[in-house]
Amino acid sequence: MAFENKFVQQRIEKAELLKKEGINPYSNDSKRNTTIIKYLNVNSDIESKEEKRDEHRHYIVSGRIKLFRIMGKASFIKIEDESGMLQVYVARDNLPEGFYNDVFKKLVEVGDIVEISGYPFVTGQGELSLHASEVKLLTKAISPLPEKFHGVTDKEIRYRKRYLDLIMNSDIRRTFQTRSKVISLTRRFFEEKGFLEVETPMMHPIAGGANARPFITHHNALGIDRFLRIAPELYLKRLIVGGFEAVFEINRNFRNEGMDATHNPEFTSIEFYWAYKTYKDLIVITKEYFKYLFDHLNLPTLLPYGDLEVNFGNFTEIPLIESLTTIGGVPAEITNSKEEIVKFLNSKNITVKPDLNLGQLQGELFDEFVEGKLIDPTFITEYPVEISPLARRSDENPDITERFELFIAGREIANAFSELNDPVDQYNRFKGQVDAKDAGDDEAHEMDEDFIDALSYGMAPTAGQGIGIDRLVMLLTNEHSIRDVLLFPAMKPIHNDEQTTQNEEL
RNA sequence: GUCUUGUUAGCUCAGCUGGUAGAGCACGUCACUUUUAAUGAUGUGGCCGAUGGUUCGAAUCCAUCACAGGACACCA
């Protein structure tokens, strides 16, 4: 089982030998007084000095050994901390009697975490390095690191053992630092706009707010099932009813559906709700939000994404029906006829489910001919009411809703609308969903009577929006799999023989 | 869910039409006091993803399964 690998055994023996030498292989007595990046910055003047060294300066740095080059009575090692990589020169005659030969060369190796004291100097090859006067082992690594040149490239290992991926591919830290900044900037942006951050339940008695299959969990003491939330929407709206006028929540949603390059069972979104505003105000604040992100992340306006280049200075707005013809090249005369749309789709070898209504067919046309062409940020507005169950109808045209979706690089990034606040209309739409559920649609909503009750007390006219943070981070970091922007993406168990049998018994 | 590619040493990978397992790195030993994936010599290291089949003989061929990557479908 654990530690049976012979390389691991070898290293455990080294740890034992260290203990016999009176050296703790897991010492926590760290005296580090600078980071590697600071060391390199502060001592960048050494290069210009006559002797290329300054023995009066003294630093203590720590890090993991990534490279180990022994050259007889002296060695070069490279150590890495969170901030960067540093070369250390270790010579026998600068260390206590016997330490170099008996301890350093024999019992310290790549992967170990060490602490080095010494002074700065520049090598003959011109690299600013640290001249060691003391080497102290902080942590013995008993598993060997992957190969030093190729590192770990196997995606499966990288996702399952993210710690190893971070050790070996330290540049991916930048992706996760960007992710952290996006979340932090998002929080700051909405706070500066006067929004209140709230936390609503993640265990719901009724899974609502989206069309999705939920995870089910169980409350032992109450003896009842709960659903992990698929969206925070209905709770956030209850808060608007209660009198909060601008709220947001950044957190996880859970959907019990397939996994692929853009879907993880748990994903992070921000949803925000804004009273006395409409979806038009949301378009304005969304543009401001992107500008804020780009300014604070120092991203260029022309951002590459794969083979594409996205111009974040070019936000446009277009109603869905109009986009079908101007962007999708669909003949204008067919977009308002079910029969004509079906005929057109069939002529393009696209088959659709029978009995789709006009709005759904328009949605099909959009997915097929428009979505992929929306590279620069585009707000698609005026969605058909049939495919917008939670949005408020337009006062001018009852067939369309006050809604937009934002598309960037051919993908949906945000979904927003003026919220439905007519409790009777909402009740009837829920009822329609309940009928659909009874008819076998297991993603249809359930009746949420408490939410209807809340609306019945009156919700101020409100606009609400959701932005998928994972997909946003993918866009900003030029990553094409959601697994590359999640530290620990969901993976299937490797050895699931036992689990499978357990499941079969259930 | 469908199709497709992969799974061989700790890591990165070879292994042809079936004949009993290879390299580099890492690790051990030796040499080497300014290297840059250090170098040179030498050695250890494997249930060839799992199960079954074909065969005198399977890492190799066939089937099933597991996991992963990619594409498509479904889903927001």
Side-chain angles (χ1 to χ4, degrees), chain A residues 3-11 13-14 52-53 65-78 85 87-95 100 105-107 109-111 121-127 129 131-132 141-161 164-165 167-169 209-213 230-231 233 253 255-265 267 269 350-351 353 363 367 371 387-390 405 411-415 441-443 466-468 470-471 480-481 483-484 489 491-497 499-500:
Chain A
F3 310 141
E4 72 182 3
N5 179 283
K6 37 200 90 57
F7 299 106
V8 174
Q9 280 301 328
Q10 248 173 35
R11 285 171 169 247
E13 278 161 33
K14 288 184 186 179
K52 305 267 187 198
R53 62 177 58 209
I65 300 175
K66 298 298 287 288
L67 292 168
F68 208 119
R69 293 190 278 271
I70 298 177
M71 301 164 43
K73 297 177 187 66
S75 302
F76 285 95
I77 62 173
K78 291 225 169 171
M85 184 100 85
Q87 174 166 271
V88 178
Y89 179 70
V90 183
R92 184 191 67 182
D93 299 341
N94 296 304
L95 296 173
Y100 180 79
K105 282 205 316 193
K106 292 211 152 78
L107 304 177
E109 59 207 312
V110 170
F121 80 115
V122 171
T123 65
Q125 303 294 312
E127 181 168 345
S129 306
H131 202 292
I142 60 169
S143 283
L145 286 186
E147 205 250 3
K148 64 187 173 189
F149 188 56
H150 299 93
V152 184
T153 57
D154 187 299
K155 291 254 185 198
E156 184 167 357
I157 298 176
R158 295 183 59 188
Y159 297 146
R160 286 188 196 276
K161 302 192 170 201
L164 201 53
D165 189 26
I167 291 171
M168 298 310 295
N169 304 307
N211 288 323
R213 304 227 315 252
I230 54 176
E233 170 150 354
N253 296 309
R255 298 191 183 173
N256 205 343
E257 291 164 355
M259 290 154 56
D260 61 29
T262 56
H263 295 83
N264 197 66
F267 63 97
S269 71
I350 300 157
T351 49
K353 282 184 223 153
D367 291 348
E371 181 168 4
I387 54 174
S388 309
L390 295 162
E405 289 196 1
R411 258 194 220 143
E412 183 206 335
I413 287 291
N415 184 14
D441 181 355
D442 52 5
E443 283 179 359
I467 302 173
D470 309 284
R471 292 183 190 177
H480 293 254
S481 169
R483 295 182 158 191
D484 290 316
M491 301 290 280
K492 292 192 201 173
I494 314 174
H495 303 295
N496 63 350
D497 298 350
Q499 240 178 328
T500 314

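Protein chains get the first letters and strands the later ones, always in sequence-line order, with residue 1 at the start of each. Keep in mind it's a predicted model, so treat the numbers as computed, not measured. Heavy-atom basis, side chains included; hydrogens, waters and symmetry copies ignored.
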Report yes if a donor N or O on one partner sits less than 3.5 Å from an acceptor N or O on the other, where the partners are the side chain of A/Y89 and the base of B/U35; otherwise report no.
no

Closest to the side chain of A/P144, out of B/A26, B/U35, B/A68, is B/A26

Does a side-chain heavy-atom distance below 4.5 Å link A/I65 with A/E109?
no

RNA chain B nearest-nucleotide lookup for A/F121 and A/H263: closer to the 5′ end is A/F121

Expressed in whole Å, how much space separates the C1' atoms belonging to B/U44 and B/A9?
11 Å

Strand RNA chain B in bracket notation, Watson-Crick/G-U under 3.5 Å with | for pairs to another chain:
(((((((..((((.....[..)))).(((((.......))))).....(((((..]....))))))))))))....

Quick note, A/F149 side chain, CB onward, closest among B/C11, B/G10, B/A37 is B/A37

Nearest 0.5 Å please: distance from the CZ atom of A/R483 over to the CD atom of A/E156.
9.0 Å

At under 4.0 Å between heavy atoms, what does A/E109 touch on the DNA or RNA strands: base, sugar-phosphate, or nothing?
sugar-phosphate

Select one nucleotide: of B/G24, B/U36, B/C67, the one nearest the side-chain heavy atoms of A/E147.
B/G24

Given RNA chain B, 5'-ward residue of the pair A/I70 and A/V152, judged by closest heavy atom:
A/V152

Say whether, by atom type as modelled, one donor and one acceptor occur between the side chain of A/Y100 and the main chain of A/D93 under 3.5 angstrom.
no

Check every strand shown and say whether A/T153 touches a base, only sugar-phosphate, or nothing at a heavy-atom separation below 4.0 Å.
sugar-phosphate

Mind checking A/G151 for me? I need base, sugar-phosphate or nothing, with any heavy atom below 4.0 Å counting as a touch.
sugar-phosphate

Assign A/K106 to base, sugar-phosphate, or nothing according to its heavy-atom contacts below 4.0 angstrom with the strands shown.
sugar-phosphate

Hey, does the side chain of A/N264 reach the backbone of A/F267 with a donor-acceptor pair shorter than 3.5 angstrom?
no

Classify A/R160 by what it touches in the nucleic acid, base, sugar-phosphate, or nothing, heavy-atom distance under 4.0 Å.
sugar-phosphate

Nearest-neighbour nucleotide for the A/E257 side chain, B/U34, B/A73, B/C75 considered:
B/C75

So, A/D484 and A/K155, do they make that salt bridge, N to O below 4.0 Å?
yes

Side chain to side chain contact (heavy atoms under 4.5 Å, CB included) with A/S129: of A/V122, A/V88, A/T123, A/I77, only one passes, and it is A/T123

Base, sugar-phosphate, or nothing: which does A/E405 touch, judged by heavy atoms less than 4.0 Å apart?
base

Sugar-phosphate only, base, or nothing, as touched by A/R53 at under 4.0 Å among non-hydrogen atoms:
base

Checking only heavy atoms, does the side chain of A/E127 share a donor-acceptor pair with the base of B/U36 at less than 3.5 Å?
yes

Does A/R69 offer a backbone N or O that forms a donor-acceptor pair with the side chain of A/K78 under 3.5 Å?
no

Heavy atoms under 4.0 Å, any strand shown: does A/M491 hit a base, just sugar-phosphate, or nothing?
sugar-phosphate

Of the listed nucleotides B/U33, B/A37, B/U34, the one nearest the side chain of A/A74:
B/U33

Base B/U36 paired with A/T123 side chain (donor-acceptor, <3.5 Å):
yes

Sub-3.5 Å pairs of nitrogen or oxygen atoms, protein against nucleotides 41-47 of chain B:
{"residue": "B/G45", "atom": "O3'", "partner": "A/K6", "partner atom": "NZ", "Å": "3.3"}

Reported CZ-to-CG distance for the pair A/R158 and A/D165, which is rounded to 0.5 angstrom
4.0 Å

